[in-house]
**Student:** 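Right, I'll just put the structure down here and ask away after.
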Amino acid sequence: MFWHKFCYIKDMKNIFLLAILFLSAFGFGQNLTAQQADTAMVLTLTLEQTVEMARTQSPEVLYARHNFRSSYWSYCWYKANYLPSLTFSSSPYFNHTINSITLPDGKQQFVPQNLLSTDANLSVTQNIALTGGSLYLQTGLQRLDLLDDNSFSYKSTPVIVGFSQSLLGYNSLKWDRRIEPVRFEAAKKTYIETLELVAANATLKFFNLARAQTNLHIAQTNYRNADTLYTFAKGRYEIGTISENEMLQLEVNKLQEESNRISAQLDVDDCMEELRSFLGIKDAKQIVTQTDDVLPVQFINIEEALRLALENSPDILNIKLKRTESESSVASAKGNAGLKANLFMQLGLGQTRNTISAAYQNPVNQQYIEIGISFPILDWGRSKGQVQVAKSRRDLVFAQTEQEQNDFEQKMIKLVKQFNVQPRYIEVAARTDQTAAHRSEVARKLYLLGKSTILDLNASISEKDAAKRSYITALYNYWALYYSLRSVTLYDFKKNIPLTEDYSLLIK
């Protein structure tokens with residue numbers, strides 16, 4: 001009698017095992033059919049493709065281009081200050097009023113005036129960076145019509161040479177030559193840095209979706225397994241081979257996995273929409289991430305990376321820019337304090353006649369020299385205070401930037417050290433993932449054969465899920481650190497070449 005009962009139980013277990021295999025195959029077939037139907041609406045992306053799309057069509061890249069164009073035109077404006085400029089000017093006016101004039105004997109008299117003045121002037125101006133002054137060459141012609149008398153006359157200035165100079169003031173042209181090229185170079189490097197930061201941001205969003213899709217796959221697999229185990233448990237409970245508590249535990253597991261599956265699907269939808277928006281994808285295609293463990297760089301030398309960062313990072317250029325600007329502020333404060341002197345000279349030829357041709361004959365010399373001097377006799381230390389404030393701010397900037405550079409170097413060394421251990425982390429995570437997945441499958445089979453407990457089964461499932469998530473996280477950490485290093489050093493460690501761009505294409 002006992003033998004028959006044992007055989008009956010054994011046959012029932014075999015039937016349930018066959019049912020499990022059938023349900024699994026049926027579910028797999030349904031998923032495959034659904035996948036084939038939706039292939040046309042699926043966009044499969046690797047990390048490399050995602051980064052490339054982000055660098056070409058991401059809104060952040062468009063913002064970076066506009067910022068660079070603004071810096072470019074500011075730099076063009078700066079360079080134009082050192083080139084000669086050609087200017088045409090004219091200020092005609094009509095005057096039909098009663099004005100007060102001074103007579104030869106010194107008396108004042110109101111006299112009606114009715115005249116028209118027209119003029120034309122052409123001048124070439126050249127700034128002198130060495131001194132901060134400006135030199136100009138001018139020619140012009142003026143006509144005066146006395147409308148009441150129907151008479152007119154001409155005044156010609158065939159050539160005038162002028163020079164203006166601040167003798168003890170602040171030379172903005174000299175300081176701009178030290179500041180503006182550094183500012184523009186920082187703008188160029190900042191654009192490349194932005195592209196790498198966009199790549200790092202794309203990496204984050206790519207792996208957020210990859211992690212969410214992994215969690216969804218885990219939840220779907222766990223739900224199918226939990227449903228199968230619960231179906232199997234009900235049969236075993238009916239024949240008395242497991243307790244009611246164990247069957248209820250499996251039912252709870254199934255319900256939890258169903259809840260996890262719903263939450264995971266919502267998370268996938270959110271992450272997918274975020275990636276679509278970041279990449280500028282406007283259609284509603286389903287994005288499927290495709291990860292791999294191919295690593296372009298295994299090791300980076302710390303000294304070499306630090307050297308590249310100090311040479312190429314826009315942060316270092318910005319530190320230099322802050323220091324130079326603080327020194328410029330001190331020079332400006334000194335120039336505005338104490339003795340001020342300005343020199344203006346103008347030499348040229350001029351003549352006035354009733355015809356244009358006569359106005360250019362036998363021109364006479366014209367000279368004009370003006371010197372302006374000012375010196376504060378009593379300002380209660382105001383000028384001195386402005387200079388001391390500027391010096392204090394300069395010293396503060398130097399102290400802050402020195403600390404910034406030290407922090408930059410320490411951060412760089414830490415970044416390289418973290419990157420260099422990532423390949424080993426990925427190797428361990430991949431091995432753990434494979435081992436945990438195999439252990440979970442073995443634990444499930446042992447439970448089906450009645451040779452394991454529900455606690456051991458649940459523990460194996462948790463370890464499997466954690467190992468898969470850790471593997472995805474390890475891949476993300478590698479790529480995040482990789483693009484962070486590229487953004488700081490502006491160097492392609494895979495090809496061993498500096499990162500650069502064709503800036504002429506950005507200003508079109």
**Student:** Let me confirm one number: the CG-OG1 distance from L197 to T190, rounded to the nearest 0.5 Å.
**Tutor:**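 Interatomic distance, L197 CG to T190 OG1, rounded to 0.5 Å: 9.5 Å.
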**Student:** Only counting residues at least two apart or in another chain, list the ones meeting ring-ring contact (aromatic ring centres under 6.0 Å, His included) with F408.
**Tutor:**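 Result, ring-ring contact (aromatic ring centres under 6.0 Å, His included) vs F408: none returned.
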**Student:** Measure the shortest side-chain to side-chain distance between R394 and K391 over non-hydrogen atoms and say whether it is less than 4.5 angstrom.
**Tutor:**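 Yes, their side chains come closer than 4.5 Å.
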**Student:** Decide yes or no on side chain to side chain contact (heavy atoms under 4.5 Å, CB included) for S58 and V61, but give the supporting numbers first.
**Tutor:** CA-CA 5 Å; S58 169; V61 173; 4.2 Å; yes
**Student:** Please step through side chain to side chain contact (heavy atoms under 4.5 Å, CB included) for the pair L279 and T50, ending with a clear verdict.
**Tutor:** CA-CA 8 Å; L279 297 180; T50 302; 4.1 Å; yes
**Student:** Which pair of non-hydrogen atoms, one from A359 and one from R353, has the smallest distance, and what is that distance?
**Tutor:**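 Minimum heavy-atom separation between A359 and R353: N-CB, 3.6 Å.
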**Student:** Centroid separation under 6.0 Å, is that true for the rings of Y78 and Y75?
**Tutor:**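 Judged by ring-centre distance (under 6.0 Å), Y75 and Y78 do meet the cut-off.
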**Student:** Determine whether more than 12 heavy atoms belonging to other residues, nucleotides or ligands lie under 6.0 Å from atom NZ of K189.
**Tutor:**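 Counting other residues, nucleotides and ligands, NZ of K189 exceeds 12 neighbours.
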**Student:** Going from NZ on K282 to OG on S277, what distance comes out if it is rounded to the nearest 0.5 angstrom?
**Tutor:**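 If I round to the nearest 0.5 Å, the distance is 11.0 Å.
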**Student:** Kindly indicate whether the side chain of T324, heavy atoms from C-beta on, has any atom under 4.5 Å from the side chain of V182.
**Tutor:**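 When only atoms from C-beta onward are counted, V182 and T324 do not touch, as no gap falls below 4.5 Å.
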**Student:** Rounded at 0.5 Å granularity, tell me how far OG in S383 sits from CZ in F375.
**Tutor:**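 If we round to the nearest 0.5 Å, S383:OG and F375:CZ are 9.0 Å apart.
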**Student:** When rounded to the nearest 0.5 angstrom, what distance separates CZ in F206 from CG in L45?
**Tutor:**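 One gets 7.0 Å once the value is rounded to the nearest 0.5 Å.
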**Student:** Can you tell me which residue pairs pass the salt bridge (charged side-chain N to carboxylate O under 4.0 Å, His left out) test with a partner in residues 399-419, sequence neighbours excluded?
**Tutor:**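 Found K322-E404.
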**Student:** Once rounded to the nearest 0.5 Å, what's the spacing between atom CZ of R183 and atom CG of D176?
**Tutor:**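 Reported to 0.5 Å precision, the distance equals 8.5 Å.
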**Student:** Nearest heavy-atom pair of L499 and I192: which atoms, and what distance?
**Tutor:**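 Minimum heavy-atom separation between L499 and I192: O-CD1, 3.5 Å.
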**Student:** Check the side chains of S134 and Q126 for a donor-acceptor pair under 3.5 angstrom, ignoring hydrogens and angles.
**Tutor:**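 Note: Q126 and S134 side chains miss the donor-acceptor criterion.
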**Student:** Atom OG1 in T401, atom CG in L321: separation rounded to 0.5 Å?
**Tutor:**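 Going from OG1 on T401 over to CG on L321, the span is 11.0 Å.
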**Student:** Do D433 side-chain atoms and A429 backbone N/O form a donor-acceptor pair below 3.5 Å?
**Tutor:**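 No; judged by distance alone, with no hydrogens or angles, the pair does not exist.
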**Student:** So which atom in A199 and which in V51 form the shortest heavy-atom distance, rounded to 0.1 Å?
**Tutor:**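 Scanning both residues completely, I find the closest heavy atoms to be CB-CG1, 3.6 Å.
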**Student:** Salt-bridged, R307 to E311, with N to O below 4.0 Å?
**Tutor:**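 A salt bridge links R307 with E311.
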**Student:** With distance as the sole test, does Q346 use its side chain to make a donor-acceptor pair with the main-chain N or O of I160 at under 3.5 Å?
**Tutor:**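 Side chain of Q346 to backbone of I160, a donor-acceptor pair under 3.5 Å: no, none is there.
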**Student:** With a 6.0 Å cut-off on ring centres, are Y476 and Y478 close enough?
**Tutor:**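 No, ring centres 6.0 Å or more apart.
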**Student:** Other residues, nucleotides and ligands only: do more than 12 of their heavy atoms fall within 6.0 Å of OH on Y63?
**Tutor:**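 No.
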**Student:** Walk me through whether F163 and F344 qualify under side chain to side chain contact (heavy atoms under 4.5 Å, CB included).
**Tutor:** CA-CA 6 Å; F163 177 71; F344 178 78; over 6 Å; no
**Student:** Taking the six-membered ring of F398 (Phe, Tyr or Trp), confirm whether the NZ or CZ of R323 is under 6.0 Å from its centre and within 45° of its axis.
**Tutor:**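 The answer is yes; both the distance and angle limits are met.
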**Student:** For T87 and S123, does a side-chain donor sit closer than 3.5 Å to a side-chain acceptor?
**Tutor:**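 Judged by distance alone, the side chains do not pair up.
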**Student:** Take atom NZ in K340; do more than 12 heavy atoms of anything else shown fall under 6.0 Å from it?
**Tutor:**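 More than 12 within 6.0 Å, yes.
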**Student:** Any side-chain heavy atom of L481 sitting closer than 4.5 Å to one from Q422?
**Tutor:**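 When only atoms from C-beta onward are counted, Q422 and L481 do touch, with a gap below 4.5 Å.
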**Student:** Quick one: do T118 and Q142 satisfy side chain to side chain donor-acceptor pair (under 3.5 Å)? Show the steps, please.
**Tutor:** CA-CA 6 Å; T118 55; Q142 181 180 4; over 6 Å; no
**Student:** State which residue, out of E196, E60, E48, fulfils the salt bridge (charged side-chain N to carboxylate O under 4.0 Å, His left out) condition with R55.
**Tutor:**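 Considering E196, E60, E48, a salt bridge (charged side-chain N to carboxylate O under 4.0 Å, His left out) with R55 is found only for E196.
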**Student:** Does L115 reach the side chain of L147, with side-chain heavy atoms less than 4.5 Å apart?
**Tutor:**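 No, too far: nothing below the 4.5 Å cut-off.
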**Student:** Within 45° of the ring axis of Y503 and under 6.0 Å from its six-membered ring centre, is that where the NZ or CZ of K188 lies?
**Tutor:**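 Geometry flag: set, cation within 6.0 Å and 45°.
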**Student:** Do N99 and V111 touch side chain to side chain, with heavy atoms closer than 4.5 Å?
**Tutor:**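 Heavy-atom side-chain distance check fails, nothing below 4.5 Å.
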**Student:** Return the orientation label for the F68 and Y191 ring planes: parallel under 30°, perpendicular over 60°, tilted otherwise.
**Tutor:**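 Taking Y191 first and then F68, their aromatic rings sit tilted (interplane angle of 30° to 60°).
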**Student:** For L490 and N312, which heavy atoms make the closest approach, and how far apart are they?
**Tutor:**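 In terms of heavy atoms, the two residues are closest at CD1-O, 3.2 Å.
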**Student:** With no hydrogens and no angle check, is any side-chain donor or acceptor of S90 less than 3.5 Å from a backbone partner on D119?
**Tutor:**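 Side chain of S90 to backbone of D119, a donor-acceptor pair under 3.5 Å: yes, one is there.
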**Student:** So does Q388 get a backbone contact from the side chain of S392, meaning a donor-acceptor N/O pair under 3.5 Å?
**Tutor:**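 Pair absent, no side-chain N/O of S392 close to backbone of Q388.
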**Student:** List the atom of A390, the atom of S329, and the distance in Å for their closest heavy-atom pair.
**Tutor:**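 Scanning both residues completely, I find the closest heavy atoms to be CB-O, 3.9 Å.
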**Student:** So, do Y154 and N354 sit near enough that their side-chain heavy atoms are less than 4.5 Å apart?
**Tutor:**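 The answer is no; the side chains never approach within 4.5 Å.
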**Student:** How far apart are the closest heavy atoms of S487 and S484, and which atoms are they?
**Tutor:**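 S487 and S484 have their closest heavy atoms at OG-O, 2.6 Å.
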**Student:** Parallel, tilted or perpendicular for F94 and H96, by the 30°/60° rule?
**Tutor:**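 Aromatic pair F94/H96 classed perpendicular.
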**Student:** Heavy atoms, side chains only, cut-off 4.5 Å: are P296 and Y482 in contact?
**Tutor:**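 In short, these two side chains touch, coming nearer than 4.5 Å.
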**Student:** Report yes or no: is the cationic atom of R143 (NZ for Lys, CZ for Arg) under 6.0 Å from the centre of the six-membered ring of F152, at an angle within 45° of the ring normal?
**Tutor:**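 Yes, R143 sits over the ring of F152.
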**Student:** Are the side chain of Q367 and the backbone of M345 linked by a donor-acceptor contact shorter than 3.5 Å?
**Tutor:**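 Looks like no, no N/O pair under 3.5 Å.
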**Student:** Sub-3.5 Å donor-acceptor pair from the side chain of D267 to the main-chain atoms of S263, do we have one?
**Tutor:**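 Answer holds: no.
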**Student:** Distance alone, cut at 3.5 Å: any donor-acceptor contact between the side chains of S328 and Y170?
**Tutor:**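 Yes, Y170 and S328 have a side-chain donor paired with an acceptor closer than 3.5 Å.
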**Student:** Before accepting this row, confirm whether a basic side-chain N of the pair R65/E501 lies closer than 4.0 Å to the acidic partner's carboxylate O.
**Tutor:**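 Result for this pair is no, no salt bridge flagged.
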**Student:** What pairs with Q165 under side-chain hydrogen bond (donor to acceptor under 3.5 Å, both in side chains), at least two apart in sequence or on another chain?
**Tutor:**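 Testing Q165 for side-chain hydrogen bond (donor to acceptor under 3.5 Å, both in side chains), a comparison that skips the adjacent residues, returns T131.
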**Student:** Assess, by modelled atom type and distance only, whether the side chains of N127 and N81 contain a donor and an acceptor separated by less than 3.5 Å.
**Tutor:**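 Note: N127 and N81 side chains miss the donor-acceptor criterion.
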**Student:** Testing the 3.5 Å rule here: is there a donor-acceptor pair between the side chains of Q138 and T157?
**Tutor:**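 Q138 vs T157: no donor-acceptor pair found between side chains.
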**Student:** For a quick check under 3.5 Å, do E427 and Y425 share a side-chain donor-acceptor pair by atom type?
**Tutor:**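 Not at all, the side chains of E427 and Y425 share no donor-acceptor pair under 3.5 Å.
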**Student:** Kindly indicate, with the supporting measurements, whether the criterion side chain to side chain contact (heavy atoms under 4.5 Å, CB included) is fulfilled by W175 and S172.
**Tutor:** CA-CA 5 Å; W175 283 103; S172 61; 5.9 Å; no
**Student:** Heavy-atom count check: over 12 atoms from other residues, nucleotides or ligands less than 6.0 Å from L505 CG?
**Tutor:**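 Yes, because the 6.0 Å sphere around CG of L505 holds more than 12 heavy atoms from other groups.
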**Student:** Is there a donor-acceptor contact under 3.5 Å linking the side chains of N406 and Q410?
**Tutor:**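 Looking only at side-chain atoms, Q410 and N406 do not form any donor-acceptor pair under 3.5 Å.
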**Student:** Is it the case that the side chain of Y491 and the backbone of R486 share a donor-acceptor pair, with hydrogens and angles ignored and the cut-off at 3.5 Å?
**Tutor:**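 Not confirmed, Y491 side chain does not pair with R486 backbone.
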**Student:** Might you confirm whether atom CZ of F110 has over 12 heavy atoms from other residues, nucleotides or ligands at distances under 6.0 Å?
**Tutor:**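 Count not over threshold, so no.
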**Student:** With a 4.5 Å cut-off on side-chain heavy atoms, are Y136 and V124 touching?
**Tutor:**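 The answer is no; the side chains never approach within 4.5 Å.
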**Student:** Are S156 and Q351 close enough that a side-chain donor and a side-chain acceptor fall under 3.5 Å?
**Tutor:**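 There is no such pair (donor and acceptor under 3.5 Å, judged by atom type) between the side chains of S156 and Q351.
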